[in-house]
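Worksheet: one structure, shown below.
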Amino acid sequence: MTSTSTKTLVNLLKNPISIKTKHQAKQLHAQIFKTETPNSPFFVSRLVSVYSNFNLLNDSLHLFNTLDSPPPALAWKSIIRCYTDNGLFVQSVLFFVKMMASGVHPDHNVFPSVLKSSTLLVDLRFGESVHACIVRLGFHLDLYTNNALMNMYAKFQSLDMNTNDEFYGLEVSGGHKIYVHEVLDGIPERNGDGQSKSVLVSCNEPLDHTNYWKHGFEESVVGSDDNVNLHCVELPCSDGARHVDEGSCAKTNSGRRLQMDSVRKVFEQMPTRDLVSWNTVIVGFARSGLFEEALEMVREMGNANLKPDSFTLSSVLPIFADYVDVIKGKEIHGYAIRHGLDTDVFIGSSLIDMYAKCTRVEDSHRVFGLLPRRDGISWNSIIAACVQNGMFDEGLKFFRQMLLAKIKPRHVSFSSIMPACAHMTALHLGKQLHGYIIRNGYDDNVFIASSLVDMYAKCGNIRLARCIFDKMELHDMVSWTSIIMGHALHGYALDAISLFEQMEEEGVKANSVAFVAALTACSHAGLIDKAWSYFNCMTRNYGIVPCLEHYTAVADLLGRAGKLEEAYEFISGMHIRPTGSIWSTLLSACRVHKNVELAEKVAEKIFMTDPDNTGAYILLTNVYSAARRWKDVLRLRIHMRNKGLKKTPACSWIEIKNKVHAFAAGDESHPCYDKINEALNVLLERMEREGYVPDTKEVLHDVEEEQKKYLLHYHSERLAIAFGIISTPDGMTIRVIKNLRVCGDCHTAIKFISKIVQREIIVRDNSRFHHFKDGKCSCGDYW
DNA sequence: TCCCTTCAAC
């Protein structure tokens, strides 16, 4: 090729498709270098374009900088697209601004890249300026430009904007924070005075390793100024990877920007539309929750003789996941199979998710098993599918398999798997994950931090949960509710309430779940007036319609306070149909307050809708035995046996050195049973010396008094605690989990034990945590 | 040159 003529080179460059490899591109470059005019704008700008087609950003930039100004539009466009393809959206946008300032007339095909970059920068004002620019230059009829425009507006409307509307944070791991000021002023009129426009950029640390700034922008880099309207974005790390797609917009509960009208407007004025146009509108509607509109567009698309492709299907499937409509979801699945799209990795993930949300997790497994290729998202989908359906062990199994398959977990993976640890109260697993998170630098991610807060709170370590919460830079709704709920469950109602108030002071408006947390706090501490004020405030001032959880917290509170009739009226007056579970709350209160009559009435309500509700039978049995109505007890027991209903056996467990030890009541099977028994007897002796008197009323069997004492002595939580005491060093906190409510006598006994052994003992029962310390419990004996 | 999938608090 050494003797290639200039004419041949020109022809080659005019038809760059014939250049198939990077190597050929470099050879071409070398040949041009040997010609008489290696620096001609034609050669250079064409070469820039060739390099940018191969995504060779540095080579393209190097050539671009050899051009005498003003470089031709083709060269600008190539660089801008290359920046966008490398995920360098700030640079892409700034290059566009600089191009406009240099007076070059852009051609239409620069706009899709610029719009994509401004979309991913989450800067609506800039995007709108670009739109104005497009109209001004007469490119508003261009198909690709319009598709990109619609996409931009659709993305903006589906993001939850921050409360103060000034900061649109994109989370990108390992990146710098770049502040872009006044970018929009940088778009001058065509042939306008570019010099008068400014592009101000600042960064939170020196950009020493990012050579992108060496290409014409040093003069624009200024120190950050808090007085300037800042639009904060993160610059991806220097490897140029496209991290932003995997990031997430900082969420708040402020109002959404409804931009679907803009999307619609663009769509309607388009002279021609292709499949991408339709898909863009469909996904826009789907993301903004306008599901019916999205589905209507799919039908209209058919009328326009366009067939749904893999983009359409994977955008539509999440709609049926949200609607929990497995019939429609299956229709899509069928369509995908008929058109050979069922092995598409995008559709596969949507299908896994759709089946999981419809509680058909076995179908999720099947889809996952049939996928020929699995990416991080398919793995996350199957992990989330398991966890969301309560299959925690399975979820962990998939998580381990994913690591073995050398798929690096991302923040989504952690927030999918962490609830499994929280639900299983598997502190050692949670800690392992936390270690992994710290080692890989994910601990500043708000989603991950929130799941950690929730996990530690649910696993009994509220102090660590609080510590992580306090270290978070930005608190979103979920982290607030996690920490409030955490304190509520641990009985620290006043802390929970003050956190709730702090949240409101910081401008985060409480949502429905936050009120559940606040009401739960009140319910666990018996704060009736406070609960009513929250409940009324929520419905009147916040326009939140109470749901079952709110009603349950209030009913529970009324019941515990002995206001049984009031609770009955409250439940009967709910705007939704009372469930068995909320009636059970009251039934439980009837047991505490020994109201047999109301208990029978309430049980009747439960059995009407749920005749096999074992819990209700047990509660009613307890009510009868507390009232010493042994005949009724017997009658119910026989009835239950005939129905094949069994009482859940009490069970407690404790983690010692990452191993879980479980105990049933009166359980003698543990290898260390002799030592446990010995410890229990020593404890009992010291407890009685301190004034402990067994409360045999808690034993609901019709047996002798001595027998009752014996039964209490071997309740499962006491076995677990005794084992904890003999297996751990002095002073170490003991954490025990029980599947049922702690009985009154054990509660008293554990208070004594905490004082005698001088340890903090934390017991989680089926609804809350008890922190026993120095003979007192955090629940204030109200649970 | 443009469009798609996964996650946290109840």
Side-chain angles (χ1 to χ4, degrees), chain A residues 52-53 77-78 80-81 84-85 107-116 119 142-152 154-155 245-246 248 251 274-284 286-287 308-318 321 341 344-354 356-357 375-385 387-388 409-419 422 445-455 457-458 476-486 488 511-517 519-520 547-550 552-553:
Chain A
S52 74
N53 284 340
K77 183 210 80 174
S78 303
I80 290 166
R81 186 163 59 80
T84 305
D85 286 349
D107 68 39
H108 67 90
N109 50 24
V110 73
F111 287 104
S113 299
V114 174
L115 288 167
K116 186 176 177 179
T119 303
D142 177 64
L143 175 64
Y144 282 42
T145 300
N146 276 317
N147 287 347
L149 257 180
M150 290 194 294
N151 182 49
M152 180 188 77
K155 284 271 166 58
D245 273 342
E246 293 152 42
S248 52
K251 268 194 179 172
D274 65 357
L275 191 51
V276 176
S277 326
W278 286 91
N279 284 343
T280 307
V281 178
I282 290 165
V283 74
R287 286 222 184 118
D309 65 351
S310 67
F311 284 85
T312 326
L313 298 193
S314 42
S315 315
V316 166
L317 274 167
L341 300 169
D344 177 279
V345 72
F346 285 85
I347 295 181
S349 300
S350 315
L351 281 171
I352 292 168
D353 181 54
M354 183 275 296
K357 299 247 163 74
D375 62 2
I377 297 184
S378 351
W379 279 102
N380 282 321
S381 303
I382 193 68
I383 292 167
V387 176
Q388 286 163 358
R410 298 229 172 247
H411 71 268
V412 178
S413 327
F414 292 110
S415 31
S416 306
I417 198 65
M418 203 67 76
N445 177 290
V446 66
F447 279 61
I448 293 183
S450 297
S451 354
L452 280 172
V453 168
D454 183 56
M455 184 276 295
K458 290 225 175 77
D476 67 349
M477 199 64 239
V478 177
S479 50
W480 279 111
T481 39
S482 297
I483 197 70
I484 294 169
M485 197 52 156
N511 69 0
S512 175
V513 188
F515 275 105
V516 171
L519 289 169
T520 305
C547 59
L548 191 68
E549 284 85 1
H550 303 105
T552 306

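Throughout, a chain's letter reflects where its sequence line sits, starting with A, and its residues are numbered from 1.
Nearest to the side-chain atoms of A:Y144 among the listed nucleotides B:dC4, B:dT1, B:dT6 stands B:dT1. The A:S349 side chain lies nearest to B:dT5 when the options are B:dC2, B:dC7, B:dT5. Minimum atom distance to the side chain of A:V412 is reached by B:dC7, of the listed B:dC4, B:dC7, B:dC2. Residue A:I377 has its side chain nearest to B:dT5 when only B:dT5, B:dT1, B:dC10 are considered. Closest to the side chain of A:V516, from the set B:dA8, B:dT6, B:dC10, is B:dC10. Listed nucleotides: B:dC4, B:dA9, B:dC7. Nearest to the side chain of A:R287: B:dC4. The side chain of A:N279 has B:dC3 as its nearest neighbour among B:dT6, B:dC3, B:dA9. Taking only side-chain atoms of A:F311, from C-beta outward, the nucleotide of B:dC7, B:dC4, B:dT5 with the closest atom is B:dC4. Here the nucleotide nearest the side chain of A:K116, chosen from B:dC10, B:dC3, B:dT5, is B:dC3. When the nucleotides B:dT6, B:dC2, B:dT5 are ranked by their closest atom to the side chain of A:N380, B:dT6 comes out on top.
Atom-to-atom, CH2 of A:W480 to P of B:dC10 comes out at 17 Å; the value is rounded to the nearest Å. As a whole-Å value, the separation of A:L143 CG from B:dC2 P is 12 Å. Following rounding to the nearest Å, A:N445 (CG) and B:dC7 (C1') show an atom-to-atom distance of 10 Å. Atom pair A:L519:CG and B:dA9:P shows a separation of 19 Å (rounding to whole Å applied). For A:M477 and B:dC10, the CE to C1' distance is 12 Å, given to the nearest whole Å. Across the protein-nucleic acid pair, A:M354 atom CE and B:dC7 atom P stand 13 Å apart, rounded to whole Å. In this structure, the CD1 atom of A:I448 is 18 Å from the P atom of B:dT6, given to the nearest Å. The interatomic distance linking A:D85 (CG) with B:dC2 (P) rounds to 7 Å, in whole Å.
Side-chain contact check for A:N147 versus A:D274: some heavy-atom pair is nearer than 4.5 Å. By the 4.5 Å heavy-atom criterion applied to side chains, A:D353 and A:L317 are not counted as neighbours. Considering only heavy atoms from C-beta on, A:D476 comes within 4.5 Å of A:S479 through its side chain.
For A:R81, no side-chain nitrogen or oxygen approaches OP1 or OP2 of B:dC2 to under 4.0 Å. Taking 4.0 angstrom as the limit, A:K357 places none of its side-chain polar atoms (N or O) nearer than this to OP1 or OP2 of B:dT5. Between B:dC2 and A:N151, no contact under 4.0 Å exists linking OP1 or OP2 to a side-chain N or O. Note on A:Q388: every side-chain N or O is 4.0 Å or more away from OP1 and OP2 of B:dT6. Taking 4.0 angstrom as the limit, A:K458 places a side-chain polar atom (N or O) nearer than this to OP1 or OP2 of B:dC10.
Within 4.0 Å of A:S482, counting heavy atoms only, lie sugar-phosphate atoms of the nucleic acid but no base atom. Using a 4.0 Å heavy-atom cutoff across all strands shown, A:V513 reaches at least one base atom of the nucleic acid. Using a 4.0 Å heavy-atom cutoff across all strands shown, A:V345 reaches at least one base atom of the nucleic acid.
Remark: the A:S314 side chain and the B:dC4 base include a donor-acceptor N/O pair separated by less than 3.5 Å. Judged by distance alone, with hydrogens and angles left aside, A:S451 brings no side-chain donor or acceptor close enough to the base of B:dA8 to form a pair under 3.5 Å. One cannot find a donor-acceptor pair under 3.5 Å joining the base of B:dT5 and the side-chain atoms of A:S350. You won't find any donor-acceptor pair under 3.5 Å spanning the side chain of A:N109 and the base of B:dT1, going by distance alone. At a cut-off of 3.5 angstrom, counting only N and O atoms as typed in the model, there is no donor on one side facing an acceptor on the other between the side-chain of A:S416 and the base of B:dC7.
Taking A:K77 as the reference, nothing meets the salt bridge (charged side-chain N to carboxylate O under 4.0 Å, His left out) condition, with sequence neighbours excluded. A:W379 is linked by a ring-ring contact (aromatic ring centres under 6.0 Å, His included) to A:F368, counting only residues two or more places apart in sequence or in another chain.
Distance alone, capped at 3.5 Å, is enough to place a donor-acceptor pair between the A:H550 side chain and the A:S512 backbone.
Between A:I382 atom CD1 and A:S416 atom OG the span is 11.5 Å, to the nearest 0.5 Å.
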